[in-house]
Amino acid sequence: MLGYVEMTETAVWLQTTEPAEVYATYFDLKEPKQIYWTDTLRTQKINANTGKLYFTFLKPGTTYKYVLHINKERVFRDPEYQFTTQINWPYRMDPPNFTIAMGSCVYVNEAATDRPGTPYGGDYSIFETISSQKPDAMLWLGDNTYLRPTDLGSRSGYLHRNSHTRSLPEMQGLLSSCANYAIWDDHDFGPNDASGSWTHKGIALESFKMFWANPSFGFPDLPGTMSYFTYVDAEFILMDNRYNRTANFEKGEKHIFGEKQVEYLIDMLKNSKAPFKFVVSGGQFLNTAEVYENHINFPEERAFILQRIKEENIKGVIFLTGDRHHSEVNKMDLGDGNCIYEFTTSPLVSSPSSNKNEKNEYQVEGSVIRERNFSTMSFSGNFGKRKLELNYYNAAGKLLFTYFVNQ
């Protein structure tokens with residue numbers, strides 16, 4: 001899997017079938033005779049034979065091909081693996097066009113551990129459909145795997161579930177062809193609706209770090225998965241809605257992110273000059289239906305975040321969320337021409353929800369989708385006049401809904 005992609009560095013995640021020594025050789029397509037090597041990685045059974053290779057001191061806006069070597073044996077693949085670093089565009093040119101795909105809720109069936117009856121997962125070809133659109137990056141919006149009761153009590157259970165999901169054949173092309181970034185939600189973390197009181201939160205964090213290649217994971221004073229990355233001129237703040245979450249039945253003021261993480265969020269938004277500032281979180285933020293784990297059920301924290309965005313007049317804020325097993329677009333008018341948006345994309349291959357009895361005052365008419373789907377955001381336009389086109393598709397690639405936001 002191709003992980004984060006920056007101008008001068010890229011990470012590649014991999015998993016071998018047994019302990020092995022792995023390294024990669026790589027070269028610039030325009031200078032194929034100049035060969036470079038990564039450090040050698042030793043995969044171990046205790047870590048599910050996973051690891052990351054780091055490609056460093058790269059040139060911006062350059063396509064590299066790379067070849068894996070396992071136990072000194074070259075791995076032949078057609079077509080060969082490749083990646084393209086981000087372009088160093090600031091102060092030099094208009095930002096280039098690019099596309100980000102996204103989705104949430106990935107339940108891969110396993111008969112031995114699933115509930116009896118109709119399988120909960122399906123339409124795995126959706127990953128091949130996403131890959132065929134050739135996005136520059138894929139954003140995984142949580143519930144990227146579904147821990148089963150058999151997994152929750154042990155570290156080996158967590159590693160098995162992540163390995164089982166990650167090895168899905170239909171997923172391989174997407175994982176290797178574009179950059180991949182992820183947040184988590186309850187089913188990656190622990191039991192349904194799990195909070196920060198979950199006993200195995202340490203194992204959950206360890207396994208998330210083990211199976212994803214985000215640029216970072218948390219801060220020295222804020223353990224968890226919070227991270228950040230820039231793709232061209234869009235900025236993405238990856239929120240952690242689990243590790244520091246208030247216990248579900250605690251009395252008094254409750255929070256999802258917690259005071260420290262909210263401080264980081266507002267500071268990042270205030271300092272951002274990006275035309276589009278994405279806040280990525282598992283559960284819905286704007287939806288006013290007081291159901292499930294919507295942020296409206298944590299009113300003090302939600303109100304504070306909205307108040308700070310309005311006070312600082314922070315423009316271009318868009319929440320990217322999953323979780324709900326349906327998709328929709330929400331829009332909140334803050335006044336003075338400033339709006340906050342929410343793009344919810346769910347589910348990818350889990351079963352869709354049939355719940356239609358929600359009262360959500362910010363829902364954009366016609367945007368609700370109740371089948372397996374994914375979305376793409378395409379960015380275009382000159383500097384200062386950027387445009388975002390949001391498209392939702394079903395598993396077969398049929399266009400379901402389109403929405404536009406101008407800078």
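One is the number of the first residue; the rest follow in order along the sequence. Quick caveat, the model's predicted, so the values are computed rather than measured.
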Checklist entry - Run the side chain to side chain contact (heavy atoms under 4.5 Å, CB included) check on His164 and Thr145 step by step: do they pass? => result CA-CA 9 Å; His164 176 257; Thr145 191; over 6 Å; no
Checklist entry - Does the distance from a Lys or Arg side-chain N to an Asp or Glu carboxylate O, for Glu80 and Arg77, drop under 4.0 Å? => result no
Item to check | Approximate separation, where rounding is to 0.5 Å, of Phe127 CZ and Leu168 CG | outcome: 6.5 Å
Checklist entry - Heavy-atom distance under 4.5 Å between the side chains of Glu6 and Leu58, does that happen here? => result no
Item to check | Results of side-chain contact (heavy atoms from CB on, under 4.5 Å) for Asp333 - residues two or more places apart only | outcome: Cys339
Checklist entry - Is there a donor-acceptor contact under 3.5 Å linking the side chains of Gln15 and Ser163? => result yes
Next on the checklist: Other residues, nucleotides and ligands only: do more than 12 of their heavy atoms fall within 6.0 Å of CD on Gln307?
Outcome noted: yes
Next on the checklist: Do Val279 and Phe285 make a side-chain contact, defined as non-hydrogen atoms from C-beta onward lying under 4.5 Å apart?
Outcome noted: no
Item to check | Shortest non-hydrogen contact between Glu371 and Asn373, atoms and distance | outcome: O-ND2, 2.8 Å
Checklist entry - Cation-pi between Arg166 and Trp13: NZ/CZ under 6.0 Å from ring centre and within 45° of the ring axis? => result yes
Item to check | Heavy atoms from other residues, nucleotides or ligands near CG of Asp336 exceed 12 (cutoff 6.0 Å) | outcome: no
Next on the checklist: Any salt bridge linking Lys273 with Glu235? Criterion: basic side-chain nitrogen under 4.0 Å from a carboxylate oxygen.
Outcome noted: no
Checklist entry - Going through the checks in order, is the salt bridge (charged side-chain N to carboxylate O under 4.0 Å, His left out) test met by Arg324 and Glu293? => result CA-CA 9 Å; Arg324 294 300 316 283; Glu293 295 188 285; over 6 Å; no
Next on the checklist: Test your reading of the model: is there a side-chain donor-acceptor pair from Thr50 to the backbone of Asn47, 3.5 Å cut-off?
Outcome noted: yes
Item to check | Between Thr225 and Arg242, a side-chain donor and acceptor under 3.5 Å | outcome: no
Next on the checklist: Under the rule for side-chain contact (heavy atoms from CB on, under 4.5 Å), what residues qualify as partners of His69, not counting sequence neighbours?
Outcome noted: Tyr23, Thr25, Val67, Arg74
Next on the checklist: Could you check whether any side-chain heavy atom of Ile340 comes within less than 4.5 Å of a side-chain heavy atom of Ile309, counting everything from C-beta outward?
Outcome noted: yes
Next on the checklist: For a 4.5 angstrom cut-off between non-hydrogen side-chain atoms, does Val232 reach Ile87?
Outcome noted: no
Next on the checklist: Using the rule side chain to side chain donor-acceptor pair (under 3.5 Å), only one of His295, Gln261, His255 pairs with Glu301; which is it?
Outcome noted: His295
Item to check | Nearest non-hydrogen partners of Thr84 and Thr63, listed with the distance | outcome: OG1-OG1, 2.7 Å
Next on the checklist: Looking at Glu110 and Arg161, is there a salt bridge between them, counting it only when a charged N and a carboxylate O are closer than 4.0 Å?
Outcome noted: yes
Item to check | Where Ser177 and Ser131 come nearest, the two heavy atoms and their spacing | outcome: OG-OG, 3.7 Å
Item to check | Within-4.5 Å side-chain heavy-atom neighbours: Leu238 and Leu139 | outcome: yes
Checklist entry - Looking at the rings of Tyr231 and Phe98, which for Trp means the six-membered one, are their centres under 6.0 Å apart? => result yes
Checklist entry - Between Asn71 and Glu21, is there a donor-acceptor pair closer than 3.5 Å when you use the side chain of the first and the backbone of the second? => result yes
Checklist entry - Take atom CZ in Arg115; do more than 12 heavy atoms of anything else shown fall under 6.0 Å from it? => result no
Checklist entry - When His187 is tested against each of Tyr146, Tyr120, Tyr107 for ring-ring contact (aromatic ring centres under 6.0 Å, His included), which residue passes? => result Tyr146
Checklist entry - At what distance, to the nearest 0.5 angstrom, does OG of Ser227 lie from CG of Asn214? => result 5.0 Å
Next on the checklist: For the aromatic rings, using the six-membered ring if either is Trp, is the centroid distance between Tyr264 and Phe219 under 6.0 Å?
Outcome noted: yes
Next on the checklist: Can you confirm if the NZ or CZ of Lys254 lies within 45° of the ring axis of Phe298 and under 6.0 Å from the centre of its six-membered ring?
Outcome noted: yes
Checklist entry - Does the pair Tyr66 and Phe55 meet the rule for a ring pair (Phe, Tyr, Trp, His ring centres under 6.0 Å), with working shown? => result CA-CA 10 Å; Tyr66 67 96; Phe55 298 71; 5.2 Å; yes
Item to check | Over all atoms of both residues, closest heavy-atom pair of Val317 and Ile314 | outcome: CG2-CG2, 3.7 Å
Next on the checklist: A quick test of your reading: do over 12 heavy atoms of other residues, nucleotides or ligands sit less than 6.0 Å from CD of Glu73?
Outcome noted: no
Next on the checklist: For the residue pair Arg372 and Tyr124, would you count it as a cation-pi contact if the rule is NZ or CZ under 6.0 angstrom from the ring centre and within 45 degrees of the ring axis?
Outcome noted: no
Checklist entry - Would the number of heavy atoms belonging to other residues, nucleotides or ligands and lying under 6.0 Å from NZ of Lys52 be above 12? => result yes
Item to check | Asn330 side chain vs Phe343 backbone, donor-acceptor pair below 3.5 Å | outcome: no
If you look only at distance, which donor and acceptor atoms sit under 3.5 Å apart when one is on a side chain in residues 396-407 and the other is two or more places apart or in another chain?
| unit_1 | atom_1 | unit_2 | atom_2 | d |
| --- | --- | --- | --- | --- |
| Thr402 | OG1 | Asn391 | OD1 | 2.6 |
| Gln407 | OE1 | Lys385 | N | 3.3 |
| Gln407 | OE1 | Arg386 | N | 2.9 |

Next on the checklist: Distance to the ring centre below 6.0 angstrom and angle to the axis at most 45 degrees; does that hold for Arg245 and Tyr243?
Outcome noted: no
Item to check | Distance-only polar pair, side chains of Asp240 and Trp184, donor-acceptor under 3.5 Å | outcome: yes
Item to check | Donor-acceptor under 3.5 Å (Thr345 side chain, Gly322 main chain) | outcome: no
Next on the checklist: Can a donor-acceptor pair be found, under 3.5 Å and without considering hydrogens, that links the side chain of Asn294 to the backbone of Ala289?
Outcome noted: yes
